[in-house]
Amino acid sequence: MADAKREIERKYESDDSGLPDLTGVGGVANVLDKGLVELDATYYDTADERLAAAALTLRHRTGGSDAGWHLKFPVAPGVRDEIRAPLSDTVPDEIAALVRSRVRHTELVPLVRLRSARDVRHLVDADGALLAEASVDTVTAERLSGAGGTAQWTEIEVELADDGDPAFLDKVEKRLRKAGVRRSKSPSKLARALEQTGGPRPGSGRRAKPVTAGDHVLAYVREQREAILGYDPGVRRDVPDSVHQMRVATRRMRSTFRTFGTVLDRTVTDPIADELKWLAGELGVGRDQEVLAERLIALLDTLPPALVSGPVHKRLTTWATAKHDSARGHVVGVLDSDRYLALLDTLDAVLAEPPLGKKAAGKPEKVIAEAVRKDLAKVSRLVTEALDQPPGEQRDTAIHEARKKAKRTRYAGEAAIPALGGPARSLAKSMKSLTSLLGEHQDSVMARLTLRELSAVAHAAGESAFTYGLLYGREEAAAAAVEAELPGLWREITAGPSV
């Protein structure tokens, strides 16, 4: 079974490769010599180095206290999440699954071998508690693919103790800098090894600045493709909010294909948009029910105990959790499916050879603004239609349609920001406010449907349906409040700057 650990560390270089005395720095009462450790790590990747291009490292390491398989995901500069699994001859299934969106059906092969002689010091406080581990690593790198190649270097590494304060590393760095030690230019040993033992890494060249409308749209599509790949491991690990964020990325990309149909040929992108719609739907299995249950439970908690009749809380909780485990298993199955992996391959192909439309070469200030204005006009029409409807199911449906179009316009505004600047940013912000308000209305609609169903089940079980009716009334009032607020918000939006 794989374990996860948050790793916060910094790497340094020094002309004399020495570690200065750190006693007294940030509460360091003693520096304990823990001796020399021999580490032997083989790093795996695809032949075209897809993991390295995404700043992921996968290694099989012996020596030290944490021998095993290690997969590291970048979180922030100097911060990585490390997934660990016991030693084995092949990549463990749980580790392989976490890189499947990058690797797909391509084989993982040994890429680089790093052997390190690590001179370890523990920085401890007056009570003997570990603050950080500092080490001087003498590294020998050997390229295992291509023409091969070797490199050697010495570096200093300082890793914060679990649950330590990152500010402590700033104090250590201040002392190191005074001693002539400087930050390493490479974010990891693997990155340095790849640089020094071979040619340029795939995808390491600097991307050209967007010039045309096509450049801008493709940059946004590329950003969403990377978000889908980036959130995939989190979904598999059940990391909070990862399903939602991956779902949003699929919707953003799908909306981009729809909005900018004159920039990217829709005869090519429409089938991809259909697959993105499928993926978003699969990611939503069980999630919408959880969110709705959280809303109803929070509303229930606002009621005085005297108004809660029967086991309402228990029934809501049971309803919320009934499908969680099966839904998660379903989603992971989707991410392992050939259909999903084929979608990722198709996205790669579209970005490698974009199906440029007739306006792709046009000026972004004109082409992108025109597309965004069309989306906004559709929102305006739908909002007006919704406001013209009397309260009831038809208005509920019209508001929901306006919400979907406003969300698409919000994504269009986000995509347009690099090209249009402030006006696009203002549009995205106003559409976010609109979708939030209309989303509250849709949540109320769905909550009322659910309450009717649950009240019927409770009644059939001989329980009181009083509280469900009370909650229904609260939700009905919440929807009415949204409908009352909508005209004012819409006037404010239409009075604002335009793209």
- Task: In plain terms, say whether Lys72 and Glu7 are close enough for a salt bridge, that is, a side-chain N and a carboxylate O under 4.0 Å apart.
- Result: yes
- Message: Using salt bridge (charged side-chain N to carboxylate O under 4.0 Å, His left out), reason through Glu49 and Arg143 one step at a time and then give a plain yes or no.
- Response: CA-CA 13 Å; Glu49 300 179 19; Arg143 172 80 71 148; 3.1 Å; yes
- Tell me yes or no: between the side chains of Thr106 and Arg50, is some donor less than 3.5 Å from an acceptor? yes
- Query: Is any NZ, NE, NH1 or NH2 atom of the basic residue among Glu13 and Arg192 found under 4.0 Å from an Asp or Glu carboxylate oxygen of the other?
  - Reply: yes
- Message: Tell me every residue that passes side-chain hydrogen bond (donor to acceptor under 3.5 Å, both in side chains) with Glu492, counting only those two or more places apart in sequence or in another chain.
- Response: none
- Item | Pair Thr259-Arg408, side chain to side chain donor-acceptor pair (under 3.5 Å): steps then yes or no | CA-CA 8 Å; Thr259 296; Arg408 174 170 151 181; 3.2 Å; yes
- Residue pairs passing the salt bridge (Lys or Arg N to Asp or Glu O under 4.0 Å) test where at least one lies in residues 34-46, sequence neighbours excluded: Asp40-Arg113
- In terms of side-chain geometry, is the basic nitrogen of Arg104 or Asp338 positioned less than 4.0 Å from the acidic oxygen of its partner? no
- Task: List the steps, then state whether salt bridge (charged side-chain N to carboxylate O under 4.0 Å, His left out) holds for Asp215 with Lys209.
- Result: CA-CA 8 Å; Asp215 292 336; Lys209 184 179 179 180; over 6 Å; no
- Task: Could you pull out all residues at least two apart from Asn30 that satisfy side chain to side chain contact (heavy atoms under 4.5 Å, CB included)?
- Result: Leu32, Val124
- Pro423 and Leu420 have their tightest heavy-atom pair at CD-O, 3.3 Å
- Task: Keeping the roles fixed (side chain from Arg61, backbone from Asp66), state whether a donor-acceptor pair exists under 3.5 Å.
- Result: no
- Message: With no hydrogens and no angle check, just 3.5 Å: does a side-chain donor-acceptor pair link Arg59 and His70?
- Response: yes
- Task: Can you run down the ring pair (Phe, Tyr, Trp, His ring centres under 6.0 Å) pairs that involve residues 42-66, sequence neighbours left out, and say none if there aren't any?
- Result: Tyr44-Trp69, His60-Trp69
- Could you tell me which residues satisfy side-chain hydrogen bond (donor to acceptor under 3.5 Å, both in side chains) with Tyr411, sequence neighbours excluded, listed by chain and number? none
- Please identify each residue that fulfils side chain to side chain contact (heavy atoms under 4.5 Å, CB included) with Ala447, with sequence neighbours left out. Leu292, Arg295, Leu296, Glu475
- Message: Checking Arg6 now: which residues fulfil salt bridge (Lys or Arg N to Asp or Glu O under 4.0 Å) with it, not counting sequence neighbours?
- Response: Asp81
- Return the set of residues passing side-chain hydrogen bond (donor to acceptor under 3.5 Å, both in side chains) with Arg247 (not counting sequence neighbours), or none when no residue passes. Asp288
- Query: Do Glu82 and Lys5 meet the salt-bridge criterion of a basic N to acidic O distance under 4.0 Å?
  - Reply: no
- Residues at least two apart in sequence or cross-chain that pass side chain to side chain contact (heavy atoms under 4.5 Å, CB included) with Ala406, listed by chain then number, are Val379, Met431, Leu434, Thr435
- Message: Please check this pair: side chain of Gln289 against backbone of Trp319, looking for a donor-acceptor N/O pair closer than 3.5 Å.
- Response: yes
- Hey, does the side chain of His244 reach the backbone of Pro240 with a donor-acceptor pair shorter than 3.5 angstrom? no
- Ion pair present between Lys171 and Glu173, side-chain N to carboxylate O less than 4.0 angstrom? no
- Who pairs with Lys404 by side chain to side chain contact (heavy atoms under 4.5 Å, CB included), at least two apart in sequence or on another chain? His400, Glu401
- Query: How would you list, by chain and number, every residue that makes a side-chain hydrogen bond (donor to acceptor under 3.5 Å, both in side chains) with Arg175, sequence neighbours excluded?
  - Reply: none
- Does Glu275 pair with Arg339 as a salt bridge, N-O distance under 4.0 Å? yes
- Item | Tyr340-Asp232 side chain donor-acceptor pair, cut-off 3.5 Å | yes
- Query: Should Glu226 and Arg222 count as an ion pair when the cut-off is N to O under 4.0 Å?
  - Reply: no
Counting only pairs under 3.5 Å, give me each side-chain donor-acceptor contact of residues 134-142, with atom names and distances, residues two or more places apart or in other chains.
from: Ser135; atom 1: OG; to: Asp137; atom 2: OD1; distance (Å): 3.2
from: Asp137; atom 1: OD1; to: Arg118; atom 2: NE; distance (Å): 3.0
from: Asp137; atom 1: OD2; to: Arg118; atom 2: NE; distance (Å): 3.2
from: Asp137; atom 1: OD2; to: Arg118; atom 2: NH2; distance (Å): 2.8
from: Asp137; atom 1: OD2; to: Lys189; atom 2: NZ; distance (Å): 2.9
from: Thr140; atom 1: OG1; to: Gln152; atom 2: NE2; distance (Å): 3.3

- Carboxylate-amine/guanidinium proximity below 4.0 Å for Glu414 and Lys429: no
